[in-house]
Enquirer: 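Pasting in a structure now, in structure tokens, and then I'll have a few things to ask.
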Amino acid sequence: MNRAMAAKQRDHKRQYERVREQMEVVNTSLGASADSLMTPRLTLVELDDIIKNASGIYAEIDGARNELQGKLSNLSNLSHDLVQEAIDHAQNLQQEADELSRNLHSADMNGLVQKALDASNVYENIANYVNEANETAEIALNVTDRIYDAVSGIDTQIIYHKDESDNLLNHARQLQARADSSNEEAVVDTSRRVGGAMARKSALKHRLNDAVKRLQAAERGDAQQRLDQSKLIVEEANKTTMEVQQATTPMANNLTSWSQNLQNFDSSAYNTVVDSARDAVRNLTEVVPQLLDQLRTVEQKRPVSNVSASIQRIRELIAQTRSVASKIQVSMMFDGQSAVEVHPKASVDDLKAFTSLSLYMKPPVKQPELSGTTDQFILYLGSKKAKKEYMGLAIKNDNLVYVYNLGAKDVEIPLDSKPVSSWPSYFSIVKIERVGKHGKVFLTVPSLSSTAEEKFIKKGEFTEEDSLLDLDPEDTVFYVGGVPSNFKLPASLNLPGFIGCLELATLNNDVISLYNFKHIYNMDPSKSVPCARDKLAFTQSRAASYFFDGSSYAVVRDITRRGKFGQVTRFDIEVRTPADNGLVLLMVNGSMFFSLEMRNGYLHVFYDFGFSTGPVHLEDTLKKAQINDAKYHEISIIYHNDKKMILVVDRRHVKSMDNEKMKIPFTDIFIGGAPPEILQSRTLRAHLPLDINFRGCMKGFQFQKKDFNLLEQTETLGVGYGCPEDSLISRRAYFNGQSFIASVQKISFFDGFEGGFNFQTLQPNGLLFYYASGSDVFSISLDNGTVTMNVKGIKVQSANKQYNDGLSHFIITSVSPVRYELVVDKNRIVNKNSSNGKAEQIQAGEKKFYFGGSPISPQYANFTGCISNAYFTRLDRDVEVEDFQRYSEKVHTSLYECPIESSPLFLLHKKGKNSSKPKTSQNKKGEKSKDAPSWDPAGLKFIEQNVPRDSLCHLSNRPKAIEHAYQYGGTANSRQEFEHLKGDFGEKSQFSISLKTRSSHGMIFYVSDQEENDFMTLFLAHGRLVFMFNVGHKKLKIRSQEKYNDGLWHDVIFIREKSSGRLIIDGLRVLEESLPPSGAAWKIKGPIYLGGVAPGRAVKNVQINSVYSFSGCLSNLQLNGASITSASQTFSVTPCFEGPMETGTYFSTEGGYVVLDESFNIGLKFEIAFEVRPRSNSGTLVHGHSVNGEYLNVHMKNGQVIVKVNNGIRDFSTSVTPKQSLCDGRWHRITVIRDSNVVQLDVDSEVNHVVGPLNPKPVDHREPVFVGGVPESLLTPRLAPGKPFTGCIRHFVIDGRPVSFSKAALVSGAVSINSCPAA
């Protein structure tokens, strides 16, 4: 019994001890709960304060909303009739254009007529874009409505978040009431909820601040101003629409008569149709100047950029229309009173030394009572004054007579071997040509029954000193058939107008047409019926080939209608071109594409059918087939078994390449080019290195051995018939300083020799022409800008020493036994031969000579620039312009393009389609664009003295750099901005700077007013320094003669003093220019841009190649002797490092980060891989963050790589401590793979992983990616690594796609893109 009681007592004691221990645990938990609830109490007080502040903000929002509602009420009083009327007109115009197109294609039964009428099709596009401009104006009227909608949305969000805050407050109070009975798990849950409330509070505060800022940014008069501008635009667009409609109405009226004529087609019906086409084109051309005037007015009043873009597209379409009009191969009938003024198309500079004009001519009907053809005027090309500088064609004394005047007197060349009265009654070909002083007239009479031809030729020569046709583009006219009554022809051409049919063919290398005219005089379509050209004689021989002029292209839709894709798919085409570059074939489908291009005369194939590895590049690496030799080459593209691409040229295998098995995903194909909107699409810009349309001839396009007639395709634009030989002659050559061309011909260089050529260069030295026979040398060279002719050691030099100015100059040399003569432009230098004066015996053998340089003349540097229109007196044939394609040796020479720098305005216009446009897109979460300012408002302050390196790192965290020197480049808008300007910019400003670069183009310095009317800039163009500023409406430009992109430091001083400027380089070279004073005040406003400009700036004043960021180092910027430091904003600028550099992106110790563009995101499933070479053992590598608190973070901490993830449930992480230190100066590879709640980390093949909690409701937020760093505001204390990452990152890949940091959405701080200090 006692034992039992004792046992029970011991049990009660043990139970009592356990209860007491549990009570202590409960008391401890209650104490901890009380302490934990102190934070919610404080938070609740802060929430009450926030709600009170929010009430005040609501009042401000209500006040701003009332103002906006007042503006909206004013909008209701304005009429939208103007907009609706413009839209109705545009819709009617669209319907008429559609009807015109349908009737035209149903009526056309002859391919020739189709192409003559296709010029009018372009105006359908003009109607579309006028409609587009009207719609844009309507959008502008509704801008205020959209602002009101945005404010309403903000208001709704504020109310929602206020309710959410109230709910959270009530919930927190309920938690407080139940806290005494809560255990530790309840306390943790309460803390998490309170943390969420704090985060929502912060988000609400930011949203409220943003709402207030946006409302404050709205200007009171902005809406009314936009409405006034929109009304003006609608009025101008309405006028333009009516004028275009008036021009196109005659087309519809002519369709009925065209259809009736074509049903019973004969010669007269054909003539009537062609004449109607001419009438329609005339009406269109007359409205073009008016349309352009209206467009200028509208563009000046534009309220939004979309209207300007539409107007620019209309301008491009008008240019296309003129191009199409120039290819209308239809004649015009002249009655003796009619005349046509034609657009010459060719530049007057190209006509100076060499002029060649060809045309088809059907003589007037013979009069039985007359023994020959009466005297008649045919054409005139020359000065409006008609006293000198002209050329013309006429019929005199029954002979065709070619007349030209070079300044002193006329040269008349009568073709007396074939009187006009003996010509057949159908078309013959006439060609007149002039090379320097030498002129020729050609006549080709075809046969109607065969391909036989009769050819006649007569030549003449100008006996005076002048050799150039010196025309002014503003003072040049081109009349055909007759002249207007107020124009007085020179005496030699002052004859009655032509009676008969004429059709223009070519002017120099350009195809021209009478239908590309400026004016028509006394032309009655009902009486002036064009003459039909015989098909056998002309058309049939040319119809199999097509001419592309560099702006034209053909489109074949649904190629599978003639053939099917199979196991073997084949495309065939023949091309003939002298050009270096051009687009041959193109197919596009979304992000997939196929491109066959010619680059530097060799073929390249780029294609992507949706391959997982990205685009494929097939290249003629062995240079087996050069195709730009002006000969036809047969090209075949064969795709075998959906996995092998084969390139065949002239039936010889060139290259093949295997790819991932994938079918061809295209149905349409572009030939010879494509519309700008296709070439400039995002898909092609990223992978297509070439957007130059093809120039030359094509024929025989086939798909699966099925022929396609390119002229029958409805969307073909600007493609002409046949293959004009003149368009394929290579009259010019470009030399790069290491190139030359050579030929062997029968020429006597030392006796009775005459030769000449154009040249154009920016280099002061170079060998232009060279011939050597033993010790006897004949050469022409540039020596410090002076032209020097060397004949057997005797030198004749030009007086002017400024011929390396980038302009075109003409040289004529004459060598005889008694004197040597050199003419440059119109400056003549004569040197009498002091030798015995005896003529040397002419050797009949062939002589080898060189242009642009020579492998056997080490005393001369090779030439850099262009040579064109060369000619010689030969022993075996007449004088003619040299075709460089026929030369036996061509070393590194381009025979088509001549990329010599002209004035910036010309280059800007020329490259208009490729002009830089500012990127205004944002990341979907509101991240700043690529041009967003740095997060450090004070700018970078680099301290480049050597500091001790991290004890755990092999490399110093501060590579050796040049003090006070900064590196720019890597991104298009890398720069520093300086807001506060000290000094007087009105009278005189002197800047000095030091630079070092190997780049040929780039912006160094730019400052302007807000509209960029007043500006001053220093930039690089082709390696030369260019200093430019405005004087009133004119631009003063000073360009260095030498190149300074040699990688060495150069000191530059540029001074503006009123209307004068000076450029001083290295204290030795002083260049000075001035313009007449304008009297206008010169005012500029900051910031000063250094190293680059903000997107969209400087395009108005600087050539596009030089607008982008300067790539190199700058230091010691001074204004009027005072240093300019402390940039207000910095974008992708680092210290200027010494020593070698390598590929990679470098993050400096000053901190910075890269935000990838929207196409790269991380969500629930991804794989990131990259290589890293740190200079510090801690720092953020990759970070992604969502607004609800989820994140992924990859960072280093004391040499350990850590991945932390929050998936909405809780944090989880994994890490790898590599055996080999990451800071050993070598590259290391890091890979992070996530699949929902599983994360794997791989560092140099050392792998670890973690499995986190599974989120039952996961959300794939796809948030932006930060690399190399992250704003501190996005990091929690547990994530902050303590200091920024320093080192290099390269080969960054997300989901198998390489990342280009140069295309990032934002580069902030001291980050050097694509340039990393070597270890």
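Since this is a predicted model, take the numbers as computed values, not measurements. Numbers here are sequence positions counted from 1. Computation of the quantities below employed the complete heavy-atom set of this structure, encompassing side-chain atoms and omitting hydrogens, waters and symmetry-equivalent molecules.
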Enquirer: Using modelled atom types only, decide if a donor and an acceptor are shared between the side chain of Arg1056 and the backbone of Asn1030 within a distance under 3.5 Å.
Expert: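 Between the backbone of Asn1030 and the side chain of Arg1056 there is no qualifying donor-acceptor contact (under 3.5 Å).
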Enquirer: Can you see whether Arg1024 engages Ser1040 through a side-chain donor-acceptor pair at a distance of less than 3.5 angstrom?
Expert: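 Absent: no donor and acceptor within the cut-off.
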Enquirer: Establish, from distance only, whether the side-chain atoms of Asp349 and Ser808 form a donor-acceptor pair under 3.5 Å.
Expert: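 No donor-acceptor contact under 3.5 Å links the two side chains.
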Enquirer: For Phe498, check ring pair (Phe, Tyr, Trp, His ring centres under 6.0 Å) against everything at least two apart and list the hits.
Expert: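 Residues passing ring pair (Phe, Tyr, Trp, His ring centres under 6.0 Å) with Phe498: none at all.
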Enquirer: Angle between ring planes, Phe759 versus Phe757, binned at 30° and 60°: parallel, tilted or perpendicular?
Expert: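 It falls in the perpendicular class, over 60°.
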Enquirer: Could you tell me which residues satisfy ring pair (Phe, Tyr, Trp, His ring centres under 6.0 Å) with Phe442, sequence neighbours excluded, listed by chain and number?
Expert: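 Listed in chain order: nothing, the list is empty.
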Enquirer: Check the side chains of Ser358 and Thr506 for a donor-acceptor pair under 3.5 angstrom, ignoring hydrogens and angles.
Expert: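 A donor-acceptor contact under 3.5 Å links the two side chains.
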Enquirer: Is a side-chain donor-acceptor pair under 3.5 Å present for Ser338 with Asp335?
Expert: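 Yes, because at least one side-chain N or O of Asp335 sits under 3.5 Å from a partner of the opposite role on Ser338.
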Enquirer: By ring pair (Phe, Tyr, Trp, His ring centres under 6.0 Å), which residues pair with Tyr803, not counting sequence neighbours?
Expert: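 With sequence neighbours excluded, Tyr803 shows a ring pair (Phe, Tyr, Trp, His ring centres under 6.0 Å) to His809, given in chain and number order.
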Enquirer: Output every pair passing salt bridge (Lys or Arg N to Asp or Glu O under 4.0 Å) with a member in residues 381-392, not counting sequence neighbours, ordered by first then second residue.
Expert: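 Only Glu389-Lys826 qualify under salt bridge (Lys or Arg N to Asp or Glu O under 4.0 Å).
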Enquirer: Less than 4.0 Å between a side-chain N and a carboxylate O, is that true for Lys396 and Glu412?
Expert: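 Yes, this pair counts.
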Enquirer: Answer with yes or no whether the side chains of Thr786 and Asn784 bring together a donor and an acceptor at under 3.5 Å.
Expert: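 No, because no side-chain N or O of Asn784 sits under 3.5 Å from a partner of the opposite role on Thr786.
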Enquirer: Quick check against the 3.5 Å criterion: does Ser814 have a side-chain atom that pairs as donor or acceptor with the backbone of Glu821?
Expert: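 It does not hold such a pair.
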Enquirer: Under a 4.0 Å N-O cut-off, is there an ion pair linking Asp350 with Arg732?
Expert: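 A salt bridge links Asp350 with Arg732.
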Enquirer: Does Asp466 reach the main-chain N or O of Leu468 with its side chain, forming a donor-acceptor pair under 3.5 Å?
Expert: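 No: the side chain of Asp466 does not pair with the backbone of Leu468.
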Enquirer: Would you mind writing out the side-chain donor-acceptor pairs for residues 475-489 within the sub-3.5 Å range, not counting sequence neighbours?
Expert:
residue	atom	partner	partner atom	Å
Asp475	OD2	Ser383	OG	2.8
Thr476	OG1	Asp472	O	2.6

Enquirer: Determine the sole option in Phe863, Phe872, Phe753 for which the ring-ring contact (aromatic ring centres under 6.0 Å, His included) test with Phe769 is passed.
Expert: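 Of Phe863, Phe872, Phe753, ring-ring contact (aromatic ring centres under 6.0 Å, His included) with Phe769 is met by Phe872 alone.
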Enquirer: With sequence neighbours left out, what residues match Phe1029 under ring pair (Phe, Tyr, Trp, His ring centres under 6.0 Å)?
Expert: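 Here the qualifying residues are Phe1027.
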Enquirer: So for atom CD, which belongs to Glu474, do other residues, nucleotides or ligands contribute more than 12 heavy atoms lying within a distance under 6.0 Å?
Expert: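 Atom CD in Glu474 is not packed in, count stays at 12 or less.
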Enquirer: Please work out which of the three classes, parallel, tilted or perpendicular, describes the rings of Phe810 and Tyr871, given edges at 30° and 60°.
Expert: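 Tyr871 and Phe810: parallel rings.
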Enquirer: Looking at every non-hydrogen atom in both residues, tell me the closest pair between Tyr402 and Gly439 and how far apart they are.
Expert: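 Residues Tyr402 and Gly439, closest heavy atoms: CE2-CA, 4.2 Å.
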